Peer 1: 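Encoded as structure tokens, here's the structure I'll be asking about.
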Protein chains: 4
Amino acid sequence: MTVNPSARATKKSDATAGDPQRRRRDATRTRQALLDAARRRFTSDGYAATTVRDIADEAGVNVALINRYFASKEGLFEACLGAAGDELRRTTGGVPFTQIPQAIARQIASSGTADLPSELALLLSSSGDTRADEIRLGVLHYASEQLASAGGRQADEPDSETILLRAQIVLAAAIGIALLRSSTPLQPLASTTEQDLIAPLRDLTDALLPPR
Amino acid sequence: MTVNPSARATKKSDATAGDPQRRRRDATRTRQALLDAARRRFTSDGYAATTVRDIADEAGVNVALINRYFASKEGLFEACLGAAGDELRRTTGGVPFTQIPQAIARQIASSGTADLPSELALLLSSSGDTRADEIRLGVLHYASEQLASAGGRQADEPDSETILLRAQIVLAAAIGIALLRSSTPLQPLASTTEQDLIAPLRDLTDALLPPR
Amino acid sequence: MTVNPSARATKKSDATAGDPQRRRRDATRTRQALLDAARRRFTSDGYAATTVRDIADEAGVNVALINRYFASKEGLFEACLGAAGDELRRTTGGVPFTQIPQAIARQIASSGTADLPSELALLLSSSGDTRADEIRLGVLHYASEQLASAGGRQADEPDSETILLRAQIVLAAAIGIALLRSSTPLQPLASTTEQDLIAPLRDLTDALLPPR
Amino acid sequence: MTVNPSARATKKSDATAGDPQRRRRDATRTRQALLDAARRRFTSDGYAATTVRDIADEAGVNVALINRYFASKEGLFEACLGAAGDELRRTTGGVPFTQIPQAIARQIASSGTADLPSELALLLSSSGDTRADEIRLGVLHYASEQLASAGGRQADEPDSETILLRAQIVLAAAIGIALLRSSTPLQPLASTTEQDLIAPLRDLTDALLPPR
DNA sequence: TATGAATGAGAATTCATTCAT
DNA sequence: GATGAATGAATTCTCATTCAT
């Protein structure tokens, strides 16, 4: 399910033309399947409510492999967080001011409603793990600073604190939306498309993050 | 055994008539202590990560009383949710449009940062319990409709769907802020006062919920 | 099974009659039952091969109580070791030289063959737990020094090192006997009585620990 | 493919004539490496506390090879026990009475303190495996009978039972010493040399096993 | 009403072993 | 012959809940 079988088959037939669809033992693929499944469950159910068995079942692999590849449930969570951070940085880093609404909307609505929820939502699932909290906080900081500087502001301006606060409110809004979409079927928000979100998000960012 | 709690309470107040403040065995007091403690822990740690023992300890009462008064952990959560809903309705119901930012700011910052977090954050802690989810969804719906109608809009207008969506985004922002403040020490957002929040929230609501 | 119900009943009626010590659902008794069962299994099977379920079943109580009363399997082991150390100190502390063989024999054969094996055997079951290892080593040291000094020797004599070594060999012999009796049905050693052991042990101690 | 290991070895030594020490794929070498590593870990940690991965890592080979060569962890243990029994028989079989202390001392101290512990200690690590227990008991029996007969005694003498008991006590002492040396750093016993042990062991055997 | 004891279900994790390459 | 992937059975521990005072 998680693993796309068709793409896999294709790749496979390229590699071992005579023996298609027979790749059962692939460490990296297993790892990724676990990572995807974990992200889904962690964001929709929260860290504590998610069992490793849930994740393994959803990934279609044996539970013990979670410990093999990620040492522990916490390790898996940290890996999810790291991946989410990377993804966020890639999507939002260096986006010009006018593109921010689109970027946020894409981030929120990127992968459908509940199928593969936005990385944003993951940033609020606390695990009680210190290391994970640090990662989370780091990503949040980075993201809000990116937003703050997108308007062309510098960190040493007199009202930089205010700007940062407003950027964090934008971030909070984005996360709030992602959460309401992934955990609660609150209509119409839950079923909006990326397009639907751009206009209100533009109003929001324009109001909170006025360019120079 | 004793089925009627009120009758019992009456008897009790008779017994301790001389010292009405100091009642060691006071059902309603115990109930309230549990409710407060539960709200704190549920919002800061999430439903699943909170143990009934945590709550009981924080409330300073015996664990078994949770089951006595609320039948189960889920029952306690539902009770918290109900109380949060009531509180929200009281705070945000019928607020005139211009007062919305203040109302939201107060709601968010009402009780300090982490000491007694806003009810808003509770609205996203899912418990996996169907009844609780219904309550939650109900409260969220009500709140967003209140916001939508605050601008003087009616539910049967042609663009009512859009208005509702925008109201839900405002709500999402409010919840996002509450969450970032209660679960993560993201500065400066985490330490802002009610006053600090009003201006940006005004900008936000003005942009998203234009009055007629 | 382990806990003698009749003895318990008797004690109980005694206790509740005049003694202010009341035992309701009896935590201390449960604790002791666990301690006894644990000592049996740890000595006969070793730490790692013993499951907490084995112990709980043998004690006739629920598994979770092990964690309740001793925090962990390791905690229970440490408690056993501590109790064994106390018991050893009580039995062997300050025993005059001529009584040593009897003391050792009693210690070894004290409680039958396998029913409640000697504390001695426990002193060799390593758990991999650092704290437990320290306790164990402390008890072993104490016991060998007791033996060394029983012959009237002082720690500052020129050959004190030799004396201590010989005392440790006596101790090793005692432990070896206890082990061979508790873990392996090596006949005739496994079924000897306390009396049977005294004569050979006297020869052994006389040969290794010559009095001044 | 290659069935005959000796043929293989021959071929091998031909092939790697210039570097006879370094053979990567050598069944008997791998087998022996596993056997040595297993003996070390089993004696120092006990059967249950030793993982097959520990052993394989220490031997520098893949884990699966344990099952390949010894069918199971228990099989490996039995093999160790068998090897230890052979070794013991070789060392102690037919030793004249006066040489017994030396033989025991050598056995105990043979291979340093912890590096390659005495086979003696292995004789007490129970595995819960019936076959292994039988082997163990057989070895212990054989050894004690050897000791008993070393004094020139016959099995049909009137006090043969007593003699056997005393021989078992000597054996118990030897095992006790080996254990205290391999598992616990009890000084000075743990660091004594073979020479240091001979004198006390002579006193011990003389006292317990008087020759005819 | 309140409390500590007790319980059973379920959680994460470890580990010997087997499979496929 | 050797290796890394995968698996299922256990094991320890936690936790909500119930029981007995």
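In this text, all values refer to a predicted model and were calculated from it rather than measured experimentally. First the proteins, then the strands, lettered A, B, ... as listed; each starts at 1.
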Peer 1: Nearest 0.5 Å, what's the CZ-CG distance between A:R39 and A:L76?
Peer 2: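 Rounded to the nearest 0.5 Å, the CZ-CG separation comes to 12.5 Å.
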Peer 1: Rounded to the Å, how far apart are D:R53 CZ and F:dA6 P?
Peer 2: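 Going from CZ in D:R53 over to P in F:dA6 covers 13 Å.
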Peer 1: Once you round it to whole Å, what is the distance between P of E:dT7 and CG of C:D26?
Peer 2: 13 Å
Peer 1: Would you compute the distance between atom CG of C:D57 and atom CG of C:N62 and round it to the nearest 0.5 angstrom?
Peer 2: 9.5 Å
Peer 1: Ignoring the backbone of D:T51, work out which of E:dC15, F:dA2, F:dT11 is nearest its side chain.
Peer 2: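 Among E:dC15, F:dA2, F:dT11, the one nearest the side chain of D:T51 is E:dC15.
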Peer 1: C:F77 has an atom CZ; how far is it from atom P of F:dT11, in whole Å?
Peer 2: 18 Å
Peer 1: What is the minimum heavy-atom distance between B:L122 and B:A84, and which atoms define it?
Peer 2: CD2-CB, 4.0 Å
Peer 1: Rounded to the Å, how far apart are D:D57 CG and F:dT3 P?
Peer 2: 12 Å
Peer 1: Nearest 0.5 Å, please: how far is CG in C:L34 from OH in C:Y69?
Peer 2: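 Rounded to the nearest 0.5 Å, the OH-CG separation comes to 8.5 Å.
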Peer 1: Reckon C:T30 has a side-chain N or O less than 4.0 Å from the OP1 or OP2 of E:dA5?
Peer 2: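 No, because none of the side-chain N or O atoms of C:T30 sits under 4.0 Å from OP1 or OP2 of E:dA5.
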Peer 1: For A:D129, which residues count as a salt bridge (charged side-chain N to carboxylate O under 4.0 Å, His left out) partner, sequence neighbours excluded?
Peer 2: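 Here no residue qualifies.
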Peer 1: Output the rounded distance in Å from CD (D:Q32) to C1' (F:dG1).
Peer 2: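 One finds 18 Å between C1' of F:dG1 and CD of D:Q32, rounded.
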Peer 1: Describe, as an angle rounded to 10 degrees, how the axis at the first end of the helix from E:dA2-F:dT21 to E:dT21-F:dA2 is tilted relative to the axis at the last end, five pairs per end.
Peer 2: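 The helix from E:dA2-F:dT21 to E:dT21-F:dA2 shows an end-to-end axis angle of 10°.
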Peer 1: Using a 4.0 Å cut-off on heavy atoms, which residues in residues 127-134 of chain D reach DNA chain F? List them by number, or say none.
Peer 2: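 DNA chain F contact set from residues 127-134 of chain D: none.
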Peer 1: For A:T28 and A:Q32: C-alpha separation, side-chain torsions, deciding distance, then whether side-chain contact (heavy atoms from CB on, under 4.5 Å) applies.
Peer 2: CA-CA 6 Å; A:T28 56; A:Q32 192 57 44; over 6 Å; no
Peer 1: Residues in side chain to side chain donor-acceptor pair (under 3.5 Å) with B:R131, at least two apart?
Peer 2: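 Checked B:R131 against side chain to side chain donor-acceptor pair (under 3.5 Å); matches are B:E78.
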Peer 1: Round to a whole Å and report the spacing from CG of C:L34 to P of F:dT12.
Peer 2: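 After rounding, the reported distance stands at 14 Å.
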Peer 1: Specify the residues of residues 60-74 of chain B, ordered by number, for which at least one heavy atom lies under 4.0 angstrom from an atom of DNA chain E.
Peer 2: B:N62, B:A64, B:L65, B:R68, B:Y69
Peer 1: To the nearest angstrom, how far is D:D54 atom CG from E:dT17 atom P?
Peer 2: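 Roughly 14 Å, once rounded to whole Å.
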Peer 1: Closest-nucleotide mapping onto DNA chain F: is B:A49 or A:A27 further toward the 5' terminus? I mean the 5' end.
Peer 2: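 Closer to the 5' end of DNA chain F: A:A27.
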Peer 1: Donor-acceptor pairs under 3.5 angstrom involving side-chain atoms of residues 47-55 of chain D: please list them, not counting sequence neighbours.
Peer 2:
from: D:Y47; atom 1: OH; to: D:E74; atom 2: N; distance (Å): 3.4
from: D:T50; atom 1: OG1; to: D:R41; atom 2: O; distance (Å): 3.2
from: D:T50; atom 1: OG1; to: D:G46; atom 2: O; distance (Å): 2.6
from: D:T51; atom 1: OG1; to: D:R53; atom 2: N; distance (Å): 3.4
from: D:T51; atom 1: OG1; to: D:D54; atom 2: N; distance (Å): 2.9
from: D:T51; atom 1: OG1; to: D:D54; atom 2: OD1; distance (Å): 3.3
from: D:T51; atom 1: OG1; to: D:D54; atom 2: OD2; distance (Å): 3.3
from: D:D54; atom 1: OD2; to: D:T51; atom 2: N; distance (Å): 3.4

Peer 1: Decide, yes or no, whether a salt bridge links D:R136 with D:D133 under the criterion of side-chain N to carboxylate O below 4.0 Å.
Peer 2: yes
Peer 1: So which heavy atom on D:L65 is nearest to which on D:V61, and how close?
Peer 2: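 Heavy-atom minimum between the residues: CD1-CB, 4.1 Å.
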Peer 1: Taking all non-hydrogen atoms of both residues into account, name the closest pair between B:S125 and B:A121 and its distance.
Peer 2: OG-O, 3.7 Å
